[in-house]
Engineer: 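There's a structure below that I have some questions on.
A, B, ... follow the sequence lines: proteins, then strands. Residue 1 opens every chain. Excluded from the calculations below are hydrogen atoms, water molecules and symmetry mates; all remaining heavy atoms, backbone and side chain alike, are included.
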Number of protein chains: 2
Amino acid sequence: MAANDGTVGKALEVLDQVAAFGRPVRFSELLDASPFPKATLYRLVQTLTKQHMLTFDHERNTYTPGLRLVRLAHAAWQQSSLVPIARPHIDQLAEEVREAVHLAQIDHGHVIFVDKRKKTNMFDTLAQTGLVAPSYCTGVGKAILAFLPEDRRDEALKMQAFVPYTPHTHKSPDSLTPELAEIRKDGIAFDREEHEQGIISVAAPILRSGDKVVGAISIATSTSRRSLDDLNGLSPILLETASRIASEIEPWHFPN
Amino acid sequence: MAANDGTVGKALEVLDQVAAFGRPVRFSELLDASPFPKATLYRLVQTLTKQHMLTFDHERNTYTPGLRLVRLAHAAWQQSSLVPIARPHIDQLAEEVREAVHLAQIDHGHVIFVDKRKKTNMFDTLAQTGLVAPSYCTGVGKAILAFLPEDRRDEALKMQAFVPYTPHTHKSPDSLTPELAEIRKDGIAFDREEHEQGIISVAAPILRSGDKVVGAISIATSTSRRSLDDLNGLSPILLETASRIASEIEPWHFPN
DNA sequence: TTGTTGGTTTCAAATAATGAAACCTAGTTT
DNA sequence: AAACTAGGTTTCATTATTTGAAACCAACAA
């Protein structure tokens, strides 16, 4: 992935590492997973800890991502241009369809769930705010990928590992590409238990000025509640919502 | 607040700045608010942007905190030692009292709301996951402060500005100190519309091995729904919940 | 005792950060 | 149009930080 912006870049790389472990990590584990020499990594980790970007557990000698991140992320989330605009709409959608509704954006090739609403009492799907999901096997991910300009799509796909979460998961870009063309045509993407067994979703991109994708929304449910056809029946209202959100986006920018 | 860890420290200082603005901010505004010379700040901001820690809006020439933070924070949140332990308990508490229940931790002198549950349909109180609140005028904040070791309490208070949010807000440490002693005695803290007009709360610290505070929980409501006395009546169940959470904390560490 | 693993510190060499000043724009004003 | 300006970007010699091999220090095991 290249592009190493000096010390800051390295520090962030370490942060990513720690986050990726998903559990408290020892210095030595980090060292193995890291391209940096011992002393360098040591000082990076020290600095990050002193800065509360990492939390150090004295008893277990392990590191976890620090609370300062939560603080900073709140600001990021609150200021996101998309979230506040979409909020009332996904809220209403969740109310109408009585299923979980997700809002996602893409960043750095990662699909990030930035908001969710659910008005049902069923068990929580695993998606939560801030969760990162793979793009190639989620509804929102594919919806966004499909409408990304070609270069950015390639870039996003290149940094994917194509983990076979379920038997339905795409195994390589080759099988994915035709589906993306399909999605581009229909304006609708499906997740057919590709990320989690028993979980399906319909997703629609949010297109600014008709073609620039800035995010996606999806309705997710379990196969025990609804069939895929059934879910497909919700496409119109999903599309309607997506376009309503899009229409409220100011003529300004959108990074992505 | 000192302790400047080289470039990384400076970069994070800039991030804090941007987050503190709470709105898209121009380079020049940042420059005014920043101790760094133009060129230095410029490069820091560039680096952070390239690293997706900041998002740059081409049209408006402004910066906002980046999505990478959301990604990282999710990991921090998920791995927090307190959140998963407390989750079922605050859930149950919210169910029983039918009011909003908050879980907070302290970091770097900041009170951070790390989780919340509400089973009521009333308007959302402003507290949300990741929100930073002042310690001196919130229930959870005072509950934590009261049980902090003296040196860390002083440190935490020193970095506070004592903004008078409402007429009931403490104006200085002098009036706060006696109340903290009180809280230490009772094991219960109240927010008497000190942060927001019309919002009150009861809070209890979560004490590991009886005396080390690792966080706090609170029940929050509006004056229109309940009186302070009424809320006080919920103290027993709140304390009960807090001690149940505490009892599930492993003999391990706790950073704070 | 001797080895080993995991963590911490040293120190001269290599590298990156610094910041004053110059330099671009693209709007404004005269 | 020429002359300002405010906001943003780049240069470059100086300075300070980062680097990483190696040495060092536990604590624990053989």
Side-chain angles (χ1 to χ4, degrees), chain A residues 1-18 20-66 79 251-255, chain B residues 1-18 20-21 23-66 251-255:
Chain A
M1 79 147 294
N4 190 14
D5 285 291
T7 323
V8 175
K10 283 168 204 161
L12 292 174
E13 206 174 326
V14 172
L15 258 192
D16 271 345
Q17 287 274 8
V18 177
F21 268 89
R23 60 172 174 79
V25 258
R26 299 182 139 270
F27 174 75
S28 54
E29 302 181 274
L30 220 43
L31 183 59
D32 293 340
S34 178
F36 309 115
K38 218 182 188 185
T40 303
L41 180 68
Y42 182 69
R43 279 175 311 234
L44 286 173
V45 160
Q46 289 258 102
T47 303
L48 288 170
T49 303
K50 206 178 305 175
Q51 293 287 345
H52 295 242
M53 298 296 277
L54 287 179
T55 291
F56 181 63
D57 180 334
H58 291 275
E59 321 285 315
R60 313 207 122 198
N61 269 18
T62 55
Y63 297 89
T64 42
Q79 292 187 46
W252 314 342
H253 98 126
F254 241 90
Chain B
M1 81 148 295
N4 191 13
D5 285 291
T7 323
V8 176
K10 283 169 204 161
L12 292 175
E13 206 175 325
V14 171
L15 259 192
D16 272 346
Q17 286 274 7
V18 177
F21 268 89
R23 59 172 173 81
V25 59
R26 292 183 97 78
F27 174 76
S28 54
E29 300 181 277
L30 221 43
L31 183 58
D32 293 339
S34 179
F36 309 116
K38 219 182 187 186
T40 303
L41 180 67
Y42 182 69
R43 277 174 315 233
L44 286 173
V45 160
Q46 287 258 102
T47 303
L48 288 170
T49 303
K50 207 179 304 175
Q51 293 288 346
H52 294 240
M53 298 295 278
L54 286 179
T55 292
F56 181 63
D57 179 333
H58 291 274
E59 319 288 314
R60 310 210 125 197
N61 269 17
T62 55
Y63 297 89
T64 43
W252 313 341
H253 96 129
F254 241 90

Engineer: Any residue in residues 39-48 of chain A with a heavy atom nearer than 4.0 angstrom to DNA chain C? Just list them by number, or reply none.
Structural biologist: A39(A), Y42(A)
Engineer: Can you tell me if the side-chain N/O atoms of R26(B) get under 4.0 Å from OP1 or OP2 in dG8(D)?
Structural biologist: yes
Engineer: Could you tabulate the donor-acceptor pairs under 3.5 Å formed by side-chain atoms of residues 31-40 of chain B, not counting sequence neighbours?
Structural biologist:
| unit_1 | atom_1 | unit_2 | atom_2 | d |
| --- | --- | --- | --- | --- |
| S34(B) | OG | F36(B) | N | 3.3 |

Engineer: Using the test side-chain contact (heavy atoms from CB on, under 4.5 Å), find all partners of T49(B) that sit at least two apart in sequence or belong to another chain.
Structural biologist: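 T49(B): side-chain contact (heavy atoms from CB on, under 4.5 Å) contacts with V45(B), L54(B), F56(B), Y63(B).
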Engineer: Using a 4.0 Å cut-off to any heavy atom of chain A, which nucleotides of DNA chain C are the first and last in contact, reading 5' to 3'?
Structural biologist: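 It runs dG6(C) to dA17(C).
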Engineer: Output the rounded distance in Å from CD (E13(A)) to P (dT18(D)).
Structural biologist: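 One finds 17 Å between P of dT18(D) and CD of E13(A), rounded.
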Engineer: Are L44(A) and T7(A) close enough that some pair of their side-chain heavy atoms sits under 4.5 Å apart?
Structural biologist: yes
Engineer: Among residues at least two apart in sequence or on other chains, which ones pass ring-ring contact (aromatic ring centres under 6.0 Å, His included) with F21(B)?
Structural biologist: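 Partners of F21(B) by the ring-ring contact (aromatic ring centres under 6.0 Å, His included) criterion come out as none, since no residue qualifies.
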Engineer: Which heavy-atom pair separates M53(A) from L15(A) by the least distance, and what is that distance?
Structural biologist: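 Shortest heavy-atom contact: O-CD2, 3.5 Å.
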Engineer: List the residues meeting side-chain hydrogen bond (donor to acceptor under 3.5 Å, both in side chains) with D16(A), not counting sequence neighbours, and say none if there are none.
Structural biologist: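 side-chain hydrogen bond (donor to acceptor under 3.5 Å, both in side chains) check on D16(A) returns R68(B).
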Engineer: OP1 or OP2 of dG8(D) sitting under 4.0 Å from any side-chain N/O of S28(B)?
Structural biologist: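 The answer is yes; a side-chain N or O of S28(B) sits under 4.0 Å from OP1 or OP2.
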Engineer: Base contacts versus sugar-phosphate-only contacts with protein, heavy atoms under 4.0 Å: please encode nucleotides 23-30 of chain D as B, S and - from 5' to 3'.
Structural biologist: --------
Engineer: Restricting to non-hydrogen atoms, name the atom on A11(A) and the atom on V8(B) that form the minimum distance, rounded to 0.1 Å.
Structural biologist: CB-CG2, 3.8 Å
Engineer: List the residues meeting salt bridge (Lys or Arg N to Asp or Glu O under 4.0 Å) with R23(A), not counting sequence neighbours, and say none if there are none.
Structural biologist: E29(A)
